[in-house]
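Proteins come first, then strands; the chains are lettered A, B, ... in the order of their sequence lines, and each starts at number 1. Everything quoted here is computed from the prediction, not taken from an experiment.
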Protein chains: 4
Amino acid sequence: MPKDTFYNLSKEKKAQIYKIAIEEFADYSYEKVSITRIVEKAGIAKGSFYQYFENKKDLFMYIIDEIGKAKMESMTSLIENIDKMDFFEFLRQLFRKGIEFGKSKPELAKVLDRIMNEMPKEIKAEIYKEGEVKSLEMFENLLKAAIEKRQIRSDIDVRLVSYMITHLSMSVSEYHFQDMPVKEENFDKIIDTSDSMVEILERGLGFNVFK
Amino acid sequence: MPKDTFYNLSKEKKAQIYKIAIEEFADYSYEKVSITRIVEKAGIAKGSFYQYFENKKDLFMYIIDEIGKAKMESMTSLIENIDKMDFFEFLRQLFRKGIEFGKSKPELAKVLDRIMNEMPKEIKAEIYKEGEVKSLEMFENLLKAAIEKRQIRSDIDVRLVSYMITHLSMSVSEYHFQDMPVKEENFDKIIDTSDSMVEILERGLGFNVFK
Amino acid sequence: MPKDTFYNLSKEKKAQIYKIAIEEFADYSYEKVSITRIVEKAGIAKGSFYQYFENKKDLFMYIIDEIGKAKMESMTSLIENIDKMDFFEFLRQLFRKGIEFGKSKPELAKVLDRIMNEMPKEIKAEIYKEGEVKSLEMFENLLKAAIEKRQIRSDIDVRLVSYMITHLSMSVSEYHFQDMPVKEENFDKIIDTSDSMVEILERGLGFNVFK
Amino acid sequence: MPKDTFYNLSKEKKAQIYKIAIEEFADYSYEKVSITRIVEKAGIAKGSFYQYFENKKDLFMYIIDEIGKAKMESMTSLIENIDKMDFFEFLRQLFRKGIEFGKSKPELAKVLDRIMNEMPKEIKAEIYKEGEVKSLEMFENLLKAAIEKRQIRSDIDVRLVSYMITHLSMSVSEYHFQDMPVKEENFDKIIDTSDSMVEILERGLGFNVFK
DNA sequence: CATGAATGAGAGTTCATTCAT
DNA sequence: AATGAATGAACTCTCATTCAT
């Protein structure tokens with residue numbers, strides 16, 4: 001995490017550095033992100049950078065953290081109303097929120113995407129030490145509650161399902177942005193697909209006369 | 001693809017270089033893979049390497065190709081009997097084959113894993129030009145056939161489901177190898193989990209008195 | 001052109017690097033000039049070099065520029081008095097100045113010579129983008145003025161003659177330094193030859209009883 | 001010079017290698033000419049090349065030699081009639097022959113051009129050890145004869161003038177091919193310019209009422 | 001606290017040439 | 001005589017990080 005010297009900077013300078021760093025991590029893979037380029041774009045001295053951050057990874061961790069906070073923030077309204085919803089309704093909302101996040105903060109979403117899809121295992125592991133675990137835990141608790149409320153089957157492996165949902169939620173946007181440009185008119189389609197995914201999770205693929 | 005000079009080498013030398021290269025791509029991300037290290041480990045001259053391969057990407061493509069072949073080979077027996085099986089049975093077998101592949105060729109599986117999880121988008125795209133499309137197509141055809149045979153619901157988005165399955169199949173092993181070491185005794189558990197995943201895909205998570 | 005980091009260096013360091021670079025470009029063809037050798041001779045780190053210059057060409061362009069300035073400087077006194085002279089007198093002085101430049105700055109002259117005589121066409125083109133054009137233009141203007149003053153024939157192709165003069169002026173020193181060492185005692189001979197060249201340009205080779 | 005092994009090759013093979021080599025030296029500077037590329041294009045083994053030629057320079061010398069012969073051949077008809085002509089008429093014809101050579105054997109002319117304009121001094125020197133000396137000697141003899149016949153002035157430095165003519169003859173085509181493409185319709189213009197150059201050499205630039 | 005010059009290991013790649021077969 | 005695999009030094013250039021000022 002950044003040193004005090006960074007936090008002591010003026011709001012503007014902090015924001016400026018943050019913005020440039022996000023851009024960089026959105027445009028390049030971790031290995032290709034260049035501190036030299038960052039300090040040039042940000043107009044600060046190389047030495048100053050190393051007064052603020054330990055090293056590249058330190059900056060990266062800070063970026064991750066901020067993105068995490070931003071994502072959490074976009075989810076709070078949903079989380080607060082969690083009790084008012086059926087489990088699958090919640091899932092639907094959750095997936096939608098994810099899509100909306102990608103729409104309103106595309107740069108942050110790009111970074112997130114890079115993290116998920118092209119981060120060396122070792123680094124991913126470090127990032128997830130807390131992050132993912134929390135996310136998984138949340139799902140596990142939700143699942144357990146839903147089982148008790150008889151909203152979902154009781155004979156499932158809670159941990160496994162958490163894992164499946166986490167991964168599926170991330171691939172929703174991926175699925176779309178490979179085919180369509182991120183435009184307003186495509187937005188509804190994406191939401192539809194997302195809903196379909198939840199529906200499949202709920203009802204399964206199997207042919208069943210009773211359903 | 002490698003130059004003739006590579007294919008003209010003795011079986012042993014080819015195998016040796018192949019082995020070292022696999023190791024390298026298993027242990028390091030694409031960017032971090034070092035030709036210098038490879039030639040040192042393989043005990044060949046730098047110049048020789050460039051007699052065999054155009055450049056790093058050329059070696060990489062060769063590796064990919066070989067892994068692809070190996071994976072295909074491990075699947076043939078299954079594909080041949082595809083008609084004798086129910087769709088979900090096929091899925092179960094497919095997931096199992098994937099796990100077995102990871103067990104019998106762990107180094108190859110590691111490389112495959114790196115490709116799926118940490119390859120820059122641009123490179124992935126190049127690799128998949130055919131590969132993934134084919135895989136998706138296969139699933140789409142299977143799904144359509146299964147629908148006709150009333151094995152699965154007819155109201156699903158075939159393309160979307162193909163995508164979901166592809167991704168889930170890849171994350172089966174990922175799910176396990178983060179927690180447990182790849183040991184014989186864990187193998188049964190992994191198979192169980194894999195089967196559970198398919199079962200969820202089949203029946204869904206939803207609570208249903210009729211099921 | 002060099003980066004700020006170069007210009008910010010101490011006078012001595014700049015001069016040191018400049019000197020070494022001139023030596024290198026005097027001793028080797030462009031392709032054979034080695035950055036590795038330069039940094040070794042100059043006692044700086046490889047990385048430092050690339051803090052100062054974009055690349056080899058950047059260094060080269062800087063060198064060219066400096067030589068151009070030096071040459072221009074050696075010509076200013078002549079250019080200022082251009083109106084006081086007959087065209088051929090001017091030419092004589094110009095050729096002499098060229099010879100003197102080669103005598104006082106032999107290393108720079110050597111580099112200049114390499115540029116004229118062994119630079120790949122493509123690179124030459126880039127250097128001349130402005131340089132040579134200007135030189136040709138100057139001659140063309142001089143020739144036109146001389147025609148009006150009835151100092152030279154009016155029935156010549158101004159552009160062609162400019163070209164001839166430019167090339168001859170460059171070969172003056174070449175003519176000598178292939179045979180004689182650059183010594184004080186040879187200097188007068190060279191001046192004589194140079195004057196002869198101008199005389200031939202003025203009067204032609206033709207036998208003419210009236211002359 | 002090539003080894004016997006080269007001369008023992010079949011006419012076709014020799015011609016093939018010669019053709020490829022000319023192409024290569026026409027398209028690339030000496031340093032950039034690649035033996036690897038040559039043997040690939042020519043379809044011979046690397047080792048074979050070194051059975052035929054000592055090294056790159058050896059091949060190059062052979063090329064030069066062949067071009068020299070070709071050029072000489074194009075000049076023989078002229079040389080044979082040398083006595084029937086006035087000195088300046090001869091010069092005019094000589095320049096023209098040079099231009100025609102460039103037109104009929106453009107690849108050879110390109111190589112020649114590279115030699116004149118971008119060959120490192122040291123190599124040039126070696127090439128000229130005989131070649132240029134001969135050319136200069138020829139001019140010197142011609143000039144002396146012309147002086148005796150009262151076709152040209154007697155008060156000139158014969159050696160210097162030989163040098164000037166040699167260089168000017170080479171720059172004739174250079175002058176043109178920088179501006180115009182080598183097309184049939186430009187050919188007459190080039191001849192005109194060439195004639196003008198000779199005319200200036202004959203009569204000089206000086207304004208003279210008697211001329 | 002800010003600066004930015006200095007660092008040097010390391011990257012991928014090219015090359016002419018040798019030599020065992 | 002023909003082959004072509006093997007060589008390894010040399011090349012330009014990039015990089016994250018350090019440290020004296």
Exercise. What are the residues of residues 34-45 of chain B, sorted by number, that bring a heavy atom to within less than 4.0 Å of DNA chain E?
Worked result: Ser34(B), Ile35(B), Thr36(B)

Seminar exercise, completed: Rounded to whole Å, CG of Asp58(C) lies from P of dT12(F) at a distance of 14 Å

For this session: Answer yes or no: is there a donor N or O on one side and an acceptor on the other, between the side chain of Arg114(D) and the main chain of Tyr30(D), under 3.5 Å?
Result: no

Exercise. Looking for any heavy atom pair under 4.0 Å, which part of the strands does Lys32(D) touch: base, sugar-phosphate only, or nothing?
Worked result: nothing

Problem set entry | Base paired to dT21(E) (Watson-Crick or G-U; both N/O distances under 3.5 angstrom) | dA2(F)

Exercise. Is Asn8(C) touching bases, backbone alone, or none of the nucleic acid, heavy atoms closer than 4.0 Å?
Worked result: sugar-phosphate

Exercise. Does NZ or CZ of Lys110(B) come closer than 6.0 Å to the centre of the six-membered ring of Phe25(B), within 45° of the ring's axis?
Worked result: no

Extract from the structure each pairing of a protein N or O with an N or O of nucleotides 18-21 of chain E at less than 3.5 Å, listing the distance.
none

Exercise. Taking for each residue the nucleotide of DNA chain F bearing the nearest heavy atom, is the 5' side occupied by Phe49(C) or by Leu9(B)?
Worked result: Leu9(B)

For this session: Could you pick out which residue, Ser48(C) or Asn55(B), lies toward the 5' side of DNA chain E when each is mapped onto its nearest nucleotide?
Result: Ser48(C)

Exercise. Touch check for Tyr52(D), heavy atoms < 4.0 angstrom, all strands: base, sugar-phosphate only, or nothing?
Worked result: sugar-phosphate

Exercise. Would you say Arg37(A)'s side chain and Glu24(A)'s backbone share a donor-acceptor pair under 3.5 angstrom?
Worked result: no

Exercise. Please give, in whole Å, the distance from dT14(E) C1' to Tyr28(D) OH?
Worked result: 13 Å

Let me check something: any side-chain donor-acceptor pairs from residues 60-69 of chain D under 3.5 Å, sequence neighbours excluded? List them with distances.
residue, atom, partner, partner atom, Å
Glu66(D), OE2, Lys69(D), NZ, 3.3

For this session: Tell me, please, whether Tyr50(A) has Lys3(A) positioned over its six-membered ring: NZ or CZ under 6.0 Å from the ring centre and within 45 degrees of its axis?
Result: no

For this session: Look at the side chain of Lys41(B) and the backbone N and O of Glu23(B), then say whether any donor-acceptor pair between them is shorter than 3.5 Å.
Result: no

Problem set entry | Main-chain N/O of Glu31(D) paired to Lys56(D) side chain as donor or acceptor, under 3.5 Å | yes

Problem set entry | Spacing between Leu59(C) atom CG and dC11(F) atom C1', to the nearest angstrom | 16 Å

Seminar exercise, completed: From OH of Tyr30(B) across to P of dA11(E) the rounded distance in Å is 14 Å

For this session: Apply side-chain contact (heavy atoms from CB on, under 4.5 Å) to the pair Ile17(B) and Ile20(B), showing each step before the final yes or no.
Result: CA-CA 5 Å; Ile17(B) 291 170; Ile20(B) 301 283; 5.9 Å; no

Problem set entry | Complementary nucleotide for dT14(E) - Watson-Crick or wobble, under 3.5 Å | dA9(F)

For this session: Look at the side chain of Asp58(D) and the backbone N and O of Phe53(D), then say whether any donor-acceptor pair between them is shorter than 3.5 Å.
Result: no

For this session: Mind checking Thr5(D) for me? I need base, sugar-phosphate or nothing, with any heavy atom below 4.0 Å counting as a touch.
Result: sugar-phosphate

Exercise. Lys56(C) NZ to dT14(F) C1': how many Å, rounded?
Worked result: 18 Å

For this session: Kindly give the heavy-atom pair with the smallest separation between Leu59(A) and Ala21(A), and that separation in Å.
Result: CD1-CB, 3.9 Å

Exercise. Please give, in whole Å, the distance from dT3(F) C1' to Asp4(B) CG?
Worked result: 14 Å

Seminar exercise, completed: When rounded to whole Å, the CD to P distance for the pair Glu31(B) and dG10(E) reads 18 Å

